[in-house]
Amino acid sequence: MMNKPRALKRKLDLIRTRSEQKEAMKLKRRLDEKTERTATLKPTDWKSVSVKHAEKFQKLLELWESDPESITIVNDNGVCFKKEFAIGSGSYGTEVYICLGSDGIERAIKRLPKLLCEKFLKNERDILNSRNAVDSPRIVNYCFYDDTSNPDFGYLILSLNEQNLEEFIREEGESMTESGATKMIRQVLEGLKALHTREPRILHRDLKPTNILVDVHGNLLLSDFVMGRFFPEQGATTYHTSNESGSHGWVAYECIDWGGLFSHKARNPSDTPIQLRWKEKSDIQVAGMLSFYILTEGKHPLGPKIVRLMNLHANNPKHLRDLSDPVVTDLLSQMLARDLDQRPYVEQALKHPYFLSLEEQMKFVEAVGNEPKLKNFCAVYRQLNNLDPSKPRSRLLPKDWKTVIGHDDLDTLCRGGHRSPSEYNGSRYTDCLRLIRNTFQHRDGKLSQLKKKTPATSSLEEYFFQLFPKLPFVLHQIIRECPDWKTRPALKEFFPVVDRHAVTDAD
Ligand SMILES: Nc1ncnc2c1ncn2[C@@H]1O[C@H](COP(=O)(O)OP(=O)(O)OP(=O)(O)O)[C@@H](O)[C@H]1O
Ligand SMILES: [Mg+2]
């Protein structure tokens with residue numbers, strides 16, 4: 001006779017095996033379905049754009065074909081979370097990989113431990129999803145957010161870029177042209193303009209070379225909005241916080257707890273919390289540091305890491321002296337100023353002569369020349385003509401402008417006007433402005449007859465600014481010190497007045 005308990009156990013074992021088998025079958029079916037779905041999502045039409053990451057995409061597609069199980073699908077994008085597909089990493093365990101959409105479009109996926117999604121990734125999603133970011137080509141494009149499909153990680157899918165600015169400067173900084181650098185600096189500021197100038201306004205708060213991306217055409221985009229913040233209310237100009245953030249060497253003066261840095265004592269939890277102020281101009285000061293970095297193949301205006309904080313505290317961006325162009329030095333010394341009143345808003349920085357096209361520079365020069373206020377012995381007249389020993393004219397202008405133009409070309413330029421060459425005074429730049437204005441009024445055929453020009457000179461603007469490249473800048477320097485000039489109808493566009501309380505949320 002069979003032992004009863006043993007028989008029961010065997011029976012039970014059989015049942016368990018059967019139910020386990022059923023479970024296993026179910027699981028296998030689910031996996032098969034998943035693999036099948038992954039296989040069907042493999043794009044048939046890969047829209048290859050990236051140069052740097054092309055090989056990775058090629059490998060990803062091969063893997064997708066040969067081993068679809070190793071591909072994870074996030075919102076119809078395929079990604080393999082293996083080192084060979086990684087393109088970046090950051091703090092808090094952030095990893096960034098390439099991913100390919102079933103629509104064939106190349107994207108990037110940022111992966112963060114789930115615990116940090118609420119604090120960081122959602123914040124970044126909300127900012128990237130706001131209209132200031134969405135509408136701007138200078139802010140990285142947001143595609144999708146997911147914090148539910150995986151128990152351990154959250155994902156942010158973004159448009160793909162080639163590399164970050166640090167990598168770009170390391171690889172290509174040496175061959176960068178002056179105009180290439182100007183374009184990049186302007187693009188950083190255009191990114192800030194998108195964030196700062198329309199409600200709801202946004203602070204970036206973590207600008208640094210690794211948080212600026214370079215696309216396949218060499219254009220810059222602001223990225224990494226983990227630390228970004230919306231201003232607390234419309235028209236607000238400060239975001240107050242007691243938490244220090246940002247990366248060493250890339251934080252503005254007013255966002256640093258100097259008291260703590262200079263104190264011997266550790267803070268007590270009972271101490272009054274520190275008060276840090278984040279302003280739009282905080283992003284501007286760091287953009288000034290980035291601009292210097294772009295211009296100098298990766299150097300910092302405050303020097304090597306060990307002295308940066310001290311130089312920031314002492315208002316001593318000492319390496320600005322290393323720049324040879326006085327125009328960009330002037331712009332950066334304003335952007336880097338410790339005093340907030342001396343720092344420009346982004347709209348003001350973008351109107352600096354450094355960024356003006358030849359046509360805009362000429363418009364400015366003509367506007368000054370046509371200004372009815374430019375009468376004998378007003379302050380601008382006296383400085384331009386070097387009549388005031390207490391305010392000598394800038395050495396950036398040649399002493400005698402007539403000599404620079406030369407007799408023959410002066411004859412050509414005066415043709416058709418009411419003044420003969422002898423009626424112009426070479427030491428008076430108000431006369432130079434007058435000649436420029438008269439030339440433009442009777443311009444026909446003059447350019448081709450000028451002798452002092454290069455074969456490539458294609459316009460009268462180009463001709464004049466080849467001879468007097470710093471004229472718009474010197475005029476700008478003089479006029480920005482004259483409150484009643486800056487607001488003149490023809491000049492005010494070059495000296496924007498910014499009042500954030502008046503910003504509306506209208507387009
Ligand atoms: N859309 C993208 N395209 C290409 N590369 C990217 C993209 N997004 C991020 N990367 C790369 O991944 C790196 C890390 O990304 P990100 O700066 O967003 O992470 P983070 O953890 O927030 O960084 P941090 O260390 O500044 O806090 C970037 O420096 C860049 O090299
Ligand atoms: Mg980053």
Side-chain angles (χ1 to χ4, degrees), residues 47-57 60 74-75 77 79 81 83-101 105-129 133-134 136-147 153-172 188 191 203-229 243-251 255 283 286 289-290 293 298:
K47 298 174 180 74
S48 173
V49 176
S50 169
V51 177
K52 283 235 173 266
H53 308 308
E55 214 172 289
K56 283 191 169 64
F57 280 107
L60 185 73
V74 183
N75 188 43
N77 291 275
V79 51
F81 292 111
K83 226 179 178 166
E84 58 196 290
F85 299 105
I87 52 171
S89 60
S91 24
Y92 308 107
T94 304
E95 284 177 353
V96 183
Y97 296 83
I98 56 148
C99 67
L100 190 59
I105 294 181
E106 301 170 339
R107 299 191 175 90
I109 183 163
K110 181 167 170 174
R111 185 176 83 166
L112 220 73
K114 183 80 157 267
L115 274 175
L116 300 169
C117 284
E118 196 66 38
K119 191 168 174 204
F120 295 136
L121 216 53
K122 267 191 178 164
N123 181 61
E124 180 160 21
R125 172 200 64 184
D126 292 345
I127 291 182
L128 289 178
N129 224 353
V134 171
S136 169
R138 301 274 69 85
I139 310 288
V140 70
N141 269 337
Y142 159 80
C143 305
F144 186 70
Y145 171 80
D146 171 23
D147 63 1
F153 297 106
Y155 306 114
L156 194 66
I157 298 185
L158 304 161
S159 59
L160 180 75
N161 288 278
E162 290 295 86
Q163 58 193 150
N164 65 43
L165 182 63
E166 183 179 282
E167 294 160 337
F168 178 87
I169 294 286
R170 197 186 309 131
E171 289 170 23
E172 304 190 33
V188 170
L203 290 168
H204 187 285
R205 297 174 77 233
D206 198 14
L207 289 174
K208 60 180 174 179
T210 51
N211 286 345
I212 311 276
L213 300 178
V214 187
D215 76 8
V216 72
H217 308 293
N219 294 312
L220 298 195
L221 292 92
L222 308 192
S223 85
D224 192 351
F225 286 80
V226 156
M227 292 297 160
R229 292 289 181 274
N243 295 324
E244 274 194 290
S245 64
S247 310
H248 180 86
W250 302 100
V251 181
C255 309
D283 281 344
V286 185
M289 300 175 193
L290 277 168
Y293 182 93

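As the structure lists them, so they are numbered: ligands from 1, and atoms in each ligand from 1.
- The backbone N or O of Asn211 sits nowhere less than 3.5 Å from a side-chain atom of Asp224 that would complete a donor-acceptor pair.
- When non-hydrogen atoms are compared, ligand 1 lies under 4.0 Å from the backbone of Thr210 as well as from its side chain.
- For atom 15 (O) of ligand 1, the nearest non-hydrogen atom of the protein is Val96 CG2, 3.7 Å.
- The residue from Phe81, Phe153, Phe57, Phe85 that alone fulfils the ring-ring contact (aromatic ring centres under 6.0 Å, His included) condition with Tyr97 is Phe81.
- Annotation: the span from Phe168 atom CZ to Asn161 atom CG amounts to 12.5 Å, rounded to 0.5 Å.
- Comparing heavy-atom distances from atom 23 (O) of ligand 1 across Asp224, Leu116, Asn161 singles out Asp224 as nearest.
- Asn123 contributes a side-chain N or O that, together with a main-chain N or O of Val226, makes up a donor-acceptor pair within less than 3.5 Å.
- Contact between Val134 and Leu128 at its shortest, heavy atoms only, is CG2-O, 3.5 Å.
- Polar contact check, Thr94 against ligand 1: a nitrogen or oxygen pair lies under 3.5 Å apart.
- Proximity annotation for atom 27 (O) of ligand 1: of Ser91, Ala86, Gly246, Ser50, Ser91 comes nearest, heavy atoms only.
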Before giving the answer on side chain to side chain contact (heavy atoms under 4.5 Å, CB included), spell out for Val286 and Lys208 the whole-Å C-alpha distance, their side-chain angles and the decisive distance to 0.1 Å.
-> CA-CA 8 Å; Val286 185; Lys208 60 180 174 179; 5.9 Å; no
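- Close contacts of ligand 1 with Ala108, meaning ligand atoms under 4.0 Å from a residue heavy atom, involve 1 (N), 2 (C), 3 (N).
- With Lys114 contributing its side chain and Asp147 its backbone, the two residues share a donor-acceptor pair below 3.5 Å.
- Of all the atoms in ligand 1, the ones that sit under 4.0 Å from a non-hydrogen atom of Ile87 are 4 (C), 5 (N).
- In this structure, Ser89 counts as a contact residue of ligand 1, since one of its heavy atoms falls inside 4.0 Å of the ligand.
- Counting protein heavy atoms only, atom 1 (N) of ligand 1 is closest to Ser159 O, 2.9 Å.
- Atoms of ligand 1 found under 4.0 Å from any heavy atom of Asn211, numbered from 1 in the order shown, are 17 (O), 26 (O).
- If you check which protein heavy atom lies closest to atom 18 (O) of ligand 1, you get Lys110 NZ, 2.6 Å.
- With atom 2 (C) of ligand 1 as the reference point, the heavy atom nearest to it among Leu158, Leu213, Asn164 is part of Leu213.
- Between the side chain of Asn77 and the main chain of Val74, a donor-acceptor pair closer than 3.5 Å is present.
- Taking 4.0 Å as the cut-off between side-chain N and carboxylate O, Glu171 and Lys52 count as a salt-bridged pair.
- Residues Glu162 and Ser50 meet the side-chain proximity criterion, which asks for heavy atoms closer than 4.5 Å.
- Annotation: side chain of Val51 is in contact with side chain of Val216 (closest heavy-atom distance under 4.5 Å).
- Contacts between Met227 and ligand 1 below 4.0 angstrom, taking non-hydrogen atoms only, are absent altogether.
- Atoms of ligand 1 found under 4.0 Å from any heavy atom of Lys208, numbered from 1 in the order shown, are 24 (P), 25 (O), 26 (O).
- Protein heavy atom in closest approach to atom 11 (C) of ligand 1: Gly88 CA, 4.0 Å.
- A donor-acceptor pair under 3.5 Å links the side-chain atoms of Glu124 to the main chain of Phe225, judged by distance alone.
- For the Mg ion (ligand 2), the neighbouring protein N/O/S atoms at less than 2.8 Å, given as residue and atom, are Asn211 OD1, Asp224 OD2.
- Within the 4.5 Å cutoff, the side chain of Leu158 has no heavy atoms near those of the Arg107 side chain.
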